[in-house]
Amino acid sequence: MDVRTCLRLVRRHWWIVLVTLMLTVGAAALVTVRTPPRYMASVTFFVTAPSQGVTNAYQGELFLQQRVKSYADLLRSDRLAQAMVADNSLGLTADDIQRRVATSTETGTVLLRANVTDTDQARALKTTEVLSAKFVELVQKIETTSDGKAGPTRLEVVGGPRVSASPVAPQPNRNIALGVLVGLLLGAALAVLRGMVDVRLRDAAGLQRATGSPLLGDIPFDTAAKATPLIVGEAATSARAEAVRKLRTNLRFVDVHEPARVIAVTSALQGEGKTTLSCNLAIALAEAGWRVLLVDADLRRPKVADYLGIDGGIGLTDVLVGDVQVGDVVQRWGDKSLLVLPSGSTPPNPSELLGAKAMADLLLALRESADIVVIDTAPLLAVTDGVVVAVQADGALLVTQQGRTSRAQVAAAARSLHSVSVRLLGCVLNMAKVARADAYQYEAYRVATTTPSVPADRAAAHRGDQDLHPVEDRTQELTRLSQ
């Protein structure tokens, strides 16, 4: 994983970084507030020894440096702590004293520093004064030989004891800065980790890799789509409607040598927007002057009739079982060249009904009476109905909702189509997040007023020499073909 990928994951999961930063800064502030002020008192000792001559001076210096290291340990020894406890003015135990004392030395010197930290400023200074006195006495006592001669070293206080005027801890600025640094690093790491374990499809490139098919369109997320799912009225000038028109263009030119006239629209899972896209795609094709027939072949959970506001009680199921003729149940929608065949009653065996010869004969008849047949089918991973219908179509269009379906699920849906030699025309990324700059470009260039409708003769001229039959003639043709 390169740096650019990591930065993209951090940007995608910015809220993780923000939450982590807030938590670490809050923790740092809480620790700062809850920590009682601590003061530090210090005292500095100088270790000396009598020496004669340059050679003796050099050897004596090495000896003293070794002695300083030993004295540093002696400052935290039990013996010194017990000696200080004997001074009743401190009111501390030996363990308390040892926890408060810290030592430091400077390399190459014979200076020894003792630091005493305490929450009580006066007690810190008093402890340091007692320590300096008791330590000098202890060193003299230890270094004195058995015959009463003075030791080889002499300890002198050269600095202090003194206590800091302000607390040395806590340090608010340092703690907050540390909290910010830790929060940013930890948040970025968590964001990258979340991105690595997130198997959902997040972009068009991942969708193309998972399906092995071209991306024919990405439909932007629109908050108004739930209330007005169809691209009619005011929604006809939205960015979502323009994306459907781009899909219409790409779909018609995906293979100019073998154009798909019967298109099965499906998805891997339920709720990815395939039915809404089927309806809007049929509307967009009809707006361009094509003779379009929309078929609701999702016999388990049909939604086309509800979206278009038509009666769906009698439809495809009744035609397939031979109860009615297709021309009797096909309904005209709006003022466009769009006919709709709803699903009809719910059958007990949808897969067998859709895979029967009656379905193949019906699609053959519909192919001859319409320029394009759009079929809304069931999700591929839930049931086999979608595959059964897609086999009989000229190709399939796979719809995937961004951030909902995993790469494995989309790949499994594509494999289910490829395994029965279904022609996968392409994929559509639905409810996609569009960059703000792209959305602004469309809003700046969108049509501000309602444009006059194109006359029928001009619409027919756009389609070349193909004849656009009136809807009434097409309904009669469907009736004739179904007899």
Side-chain angles (χ1 to χ4, degrees), residues 229-233 236 244-245 247-248 251-252 259-265 274-299 302-320 322-345 354 358-377 389 392-395 397 453-454 456 459-460 462-463 466-483:
L230 303 182
I231 54 172
V232 294
V244 175
R245 297 186 187 104
L247 170 62
R248 174 190 65 191
L251 188 61
R252 295 302 298 162
R261 298 184 55 192
V262 181
I263 304 171
V265 181
K274 63 174 183 60
T275 301
T276 305
L277 184 64
S278 299
C279 296
N280 287 330
L281 179 60
I283 294 173
L285 289 169
E287 286 178 343
W290 300 96
R291 298 177 297 175
V292 183
L293 179 61
L294 175 60
V295 181
D296 189 355
D298 189 351
L299 303 183
K303 295 292 183 181
V304 171
D306 295 337
Y307 283 160
L308 299 180
I310 61 176
D311 183 14
I314 302 176
L316 177 62
T317 302
D318 306 279
V319 173
L320 295 179
D323 291 343
V324 295
Q325 301 297 325
V326 62
D328 298 332
V329 294
V330 169
Q331 303 179 42
R332 177 179 177 176
W333 188 83
D335 58 351
K336 303 176 179 61
S337 56
L338 173 60
L339 289 181
V340 182
L341 178 59
S343 63
S345 55
L354 293 173
M359 183 65 178
D361 295 339
L362 177 61
L363 290 180
L364 182 61
L366 299 180
R367 181 192 300 271
E368 298 300 327
S369 61
D371 294 328
I372 302 176
V373 179
V374 179
I375 308 175
D376 179 36
T377 66
V389 175
Q392 305 175 68
D394 294 339
L397 188 64
S453 58
V454 180
H462 285 302
R463 297 191 297 108
Q466 291 184 342
D467 183 25
L468 177 60
H469 302 291
V471 176
E472 292 79 2
D473 295 343
R474 194 174 349 138
T475 305
Q476 296 176 2
E477 184 178 358
L478 289 173
T479 305
R480 178 181 60 81
L481 290 173
S482 62
Q483 292 177 348

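Start at 1 with the first residue, then count along the sequence.
The shortest non-hydrogen separation linking L338 to A282 is CD1-CB, 3.9 Å. When all heavy atoms of V244 and A284 are compared, the pair lying nearest together is CG1-CB, 3.9 Å. Closest approach of D318 and G344 over heavy atoms only: OD2-CA, 3.7 Å. Between T317 and S345, the shortest heavy-atom distance links the atoms OG1-O, 2.9 Å. Residues A370 and L293 come closest through the heavy atom pair CB-CB, 4.1 Å. Closest approach of L366 to V373, counting heavy atoms only: O-CG2, 3.8 Å.
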Could you give me the CA-CA distance, side-chain angles and deciding distance for L281 and L397, then say whether side-chain contact (heavy atoms from CB on, under 4.5 Å) is met? CA-CA 11 Å; L281 179 60; L397 188 64; 4.2 Å; yes
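Side chain of W290 to backbone of I372: no donor-acceptor contact under 3.5 angstrom is found. The backbone N or O of L354 lies less than 3.5 Å from a partner atom in the side chain of Q392, making a donor-acceptor pair. Within the 3.5 Å criterion, the main-chain N or O of D296 finds no donor-acceptor partner in the side chain of D376. A donor-acceptor pair is defined here as one N or O able to donate and one able to accept, closer than 3.5 Å; such a pair exists between the side chain of D371 and the backbone of R291. Between the R367 side chain and the R261 main chain, no donor and acceptor come within less than 3.5 Å of each other.
Between V304 and C279, some side-chain heavy-atom pair lies under the 4.5 Å cut-off. Looking at heavy atoms from C-beta onward, M359 lies in side-chain contact with L316 at the 4.5 angstrom threshold. Taking the side chain as every heavy atom from C-beta outward, V319 and V324 approach each other to under 4.5 Å. In this structure, L285 and R252 have side chains that are in contact, with non-hydrogen atoms separated by less than 4.5 Å. The shortest distance between side-chain heavy atoms of L247 and N280 does not fall below 4.5 Å. Here the side chains of I375 and L363 are in contact, with some heavy-atom distance below 4.5 Å. Side-chain contact between D311 and Q331 is present, with at least one heavy-atom pair separated by less than 4.5 Å.
Listed by chain and number, the residues in a side-chain hydrogen bond (donor to acceptor under 3.5 Å, both in side chains) with R248 amount to none (sequence neighbours excluded).
Partner T377 forms a side-chain contact (heavy atoms from CB on, under 4.5 Å) with one of L299, V389, V265 and no other, that one being V389.
Here the OH-OG1 distance, from Y307 to T276, works out to 3.5 Å after rounding to the nearest 0.5 Å. From T275, atom OG1 reaches atom CG of D298 across 6.0 Å, with rounding to the nearest 0.5 Å.
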